[in-house]
Amino acid sequence: MASLCSCESRSGVIAETECFKADSVYYAKGFEISRFDEWIIVNVRNPWDTLKTLRRYVLIDKNKPLPDSLPEGIIIRTPVEKAVFYTSVHASMVAQMGRIDAIKGVCEIQYITDSLILERIADGRIADIGLATAPNIEKIIELDAELIIASPYENSGYGAAEKIGIPIVEAADYMENHPLGRTEWGRFYGLIFGEGERADSIFFTTKERYNHLKNLATQSENKPRVLLERKYGASWIVPAGGSYIGTIHSDAGADYIFSDFKGSESVHQTFESVLDRAYDADIWLFKYDTKQDYTYDILKDEYQPYSNFRPFKEKNIYICHTTRTTYYDDITLHPDRLLEDLIYIYHPELLPGYVPRYYTHMK
Amino acid sequence: MKGRSKHIAIYISLGVALLLLFCGGLLYGSVRIPIDSILEIIAGRFEGRQTWVQIVMQSRLPQTITALFAGASLAVSGLLLQTLFKNPLAGPSILGISDGAYLGVALVMIYFSFNSYLTTIIAAFVGAAVVLLIIIGFSRKVKNSVMLLIIGIMVGYLASSIISILNYHASPDKVHQFVLWGMGDFTGVSMEKLPWFVIFASGGLLGSVFLIKPLNALLLGESYAANLGVRVKSIRIAILLCTGILTASTTAFCGPISFIGLAVPHIARLLLGSSNHKQLLPITLLAGACVALLCNMLTVVPGSNSILPLNAITPIIGAPVIIYVIVNRRNIQYFN
């Protein structure tokens with residue numbers, strides 16, 4: 001699509017003759033890309049108030065001179081060669097695009113499961129910059145980072161990091177409700193690191209594979225009733241039907257018990273209301289990251305009333321260890337892999353011989 | 001005689017309130033179950049939906065009994081500490097005992113990532129015991145109770161700073177789990193675990209009954225108590241031990257619960273108008289149970305299936321009482 005436009009710039013209105021082409025964004029609701037001759041503009045929508053723009057980034061090729069008149073927005077010279085990441089997920093995404101060399105620092109290294117990144121942390125090529133909520137600013141300055149990639153939270157800033165003059169990319173992909181919406185954000189990160197085409201190709205491959213698997217799941221008429229997660233403290237936090245997790249389980253051909261909870265936020269439920277609705281579920285899946293692997297005995301020892309659920313009695317519980325598998329590193333760029341696991345659990349006849357990556361049958 | 005009939009009236013009204021709140025805990029929850037069904041379930045004659053039987057017998061019943069014992073234990077341990085330290089603001093959460101238990105649990109949850117229930121309980125006991133031993137150790141050197149209270153507060157700060165450092169290195173799932181545990185919870189004790197909690201709590205409560213006389217003597221001052229033949233040193237240790245058992249068992253089973261230990265002794269004194277432990281201790285015990293049962297019911301949001309954190313509810317009842325006591329300090333009989 002090409003059209004004429006006029007844009008505000010620092011020095012006034014840019015000539016109307018300048019053409020731009022908007023990239024089609026398929027699943028993501030949080031950003032849009034417009035290509036101009038000399039730059040690319042990426043508008044990131046405010047995920048909490050979608051009518052507003054959170055940030056506007058202007059990506060300009062490093063190898064070309066800076067144009068005299070620039071549009072309003074945060075200027076990023078691309079490809080970025082030195083970046084720090086507040087989240088392991090984004091570092092892993094950029095590594096998968098082949099730009100691991102651009103990762104100079106990462107927060108909260110204990111969540112990282114990507115072996116190549118871990119190797120570089122071990123030999124000092126990637127620095128540990130502390131907590132995402134309180135990163136080591138001096139270290140970021142010392143690394144001479146050109147860019148910070150951070151996950152935004154509602155109504156909270158980035159403290160001192162905002163004052164050191166390094167542009168911050170607000171990576172709001174986690175707010176997308178469709179799994180492929182999150183994947184699509186990779187296209188934006190690809191542009192930043194000069195791997196736009198590669199990122200596009202990863203996205204389109206994932207998209208095709210995801211939709212192919214989703215179609216495959218529709219071949220089965222059986223829709224198992226699925227219960228997710230477990231009680232923490234007094235609450236059982238249930239993902240809503242419209243959430244990322246709710247969507248992927250429905251796409252895998254499950255009848256997710258709480259799919260009638262509209263919206264995308266998780267809902268705190270009491271144990272008794274979950275038991276009342278889900279006691280006769282067919283399958284129960286939960287994630288954990290304790291040292292000991294869960295067993296039926298341990299689960300019952302943790303809270304005896306868990307044994308009232310039908311999946312417990314019939315031994316239909318599947319569990320995922322989040323730090324021994326690459327679950328969190330993969331789900332953003334490769335939701336198709338999680339979908340494949342889920343289809344295998346719900347409809348094993350559709351994927352004969354498949355070995356699941358994340359979930360295992362609890363013993 | 002007038003005093004005696006007043007006491008009887010207080011006992012009867014607290015007893016009735018306790019009974020009503022206990023029944024309320026069984027009847028009221030996020031899933032609506034008709035009263036006649038609940039009565040049949042309790043009588044063991046219900047033949048309808050089995051999930052309702054499980055909800056009442058495996059979820060609501062242990063939860064209500066847990067709230068009852070936790071409230072009584074925290075309130076009594078608060079009273080013992082207030083008398084021992086002669087300070088109306090003493091309480092298990094202020095003296096660092098809950099923090100010690102909290103630290104023990106943080107260590108096993110975050111650092112060792114064990115998920116067995118028993119380890120959590122043992123860890124809470126060990127944590128509380130360590131803090132208590134530290135305080136008992138200092139109590140040999142520091143004679144002044146206010147100074148000892150300050151030492152307790154400092155030990156509590158140390159424990160919380162270690163917890164923060166542990167959180168710094170934990171994964172989000174664990175921090176989440178731990179934060180939710182820190183919000184207090186009467187729902188975590190299943191029918192299987194309940195006897196253990198009841199045994200520990202009853203042990204601590206029974207022990208405190210034997211301390212009534214020396215507690216009254218301590219009210220007159222430590223030297224006066226010594227003159228009356230009270231062995232102040234061993235009584236101090238006995239009080240701290242009792243408090244430790246009560247706080248550690250409650251924290252281990254229900255998480256750190258704020259304000260009940262601090263506020264309920266004041267509610268009891270306001271009701272009674274005196275500080276005689278012969279009446280004050282049982283009334284504190286009953287009032288603590290009532291307050292905890294009430295808080296437990298208030299966590300269930302009417303008309304929804306969700307639940308509020310317990311520690312969001314307890315200050316709503318606790319804080320106004322403390323403010324009232326401080327503002328009216330001069331007019332309240334038991335301060336004079």
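Below, all heavy atoms of this structure are taken into account, side chains as well, without hydrogens, waters or symmetry copies. Chain identifiers are assigned alphabetically (A, B, ...) following the order of the sequence lines, protein sequences preceding nucleic acid strands; residue numbering begins at 1 within each chain.
Taking CD of B/Q63 as the start and CZ of A/F271 as the end, the distance is 11.0 Å to the nearest 0.5 Å. Here B/K193 contributes atom NZ and A/Q304 contributes atom CD; the two are 8.5 Å apart, rounded to the nearest 0.5 Å. Of the inter-residue distances, the one linking A/F309 atom CZ with B/T51 atom OG1 reads 9.5 Å to the nearest 0.5 angstrom. For the atom pair CD of A/E272 and OG of B/S59, the computed distance is 5.0 Å after rounding to the nearest 0.5 Å.
No donor-acceptor pair closer than 3.5 Å links the side chain of A/Y279 to the backbone N or O of B/Q50.
Classification of B/R32 and A/D276 as a salt-bridged pair fails, no side-chain N sitting under 4.0 Å from a carboxylate O.
Residue-level contacts of residues 235-243 of chain A with chain B, in order of numbering, are A/S235, A/I237; threshold 4.5 Å between heavy atoms.
Residues A/K231 and B/T187 have side chains in contact (heavy-atom distance under 4.5 Å, counting atoms from C-beta outward).
When all heavy atoms of B/G188 and A/Y303 are compared, the closest pair comes out as O-CD1, 3.8 Å. A pairwise comparison of heavy atoms in B/I307 and A/A234 identifies CG2-O, 3.7 Å as the closest pair.
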Listing, residues 35-47 of chain B side-chain donor-acceptor contacts under 3.5 Å, not counting sequence neighbours, or none:
none

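Residue B/Q58 touches chain A through both its backbone and its side chain, counting heavy-atom pairs closer than 4.5 Å.
Atom NZ of A/K363 sits in a sparse spot, with 12 or fewer heavy atoms from other residues, nucleotides or ligands closer than 6.0 Å.
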Check step by step if side chain to side chain contact (heavy atoms under 4.5 Å, CB included) holds for A/L275 and B/I55. CA-CA 8 Å; A/L275 179 64; B/I55 287 174; 3.9 Å; yes
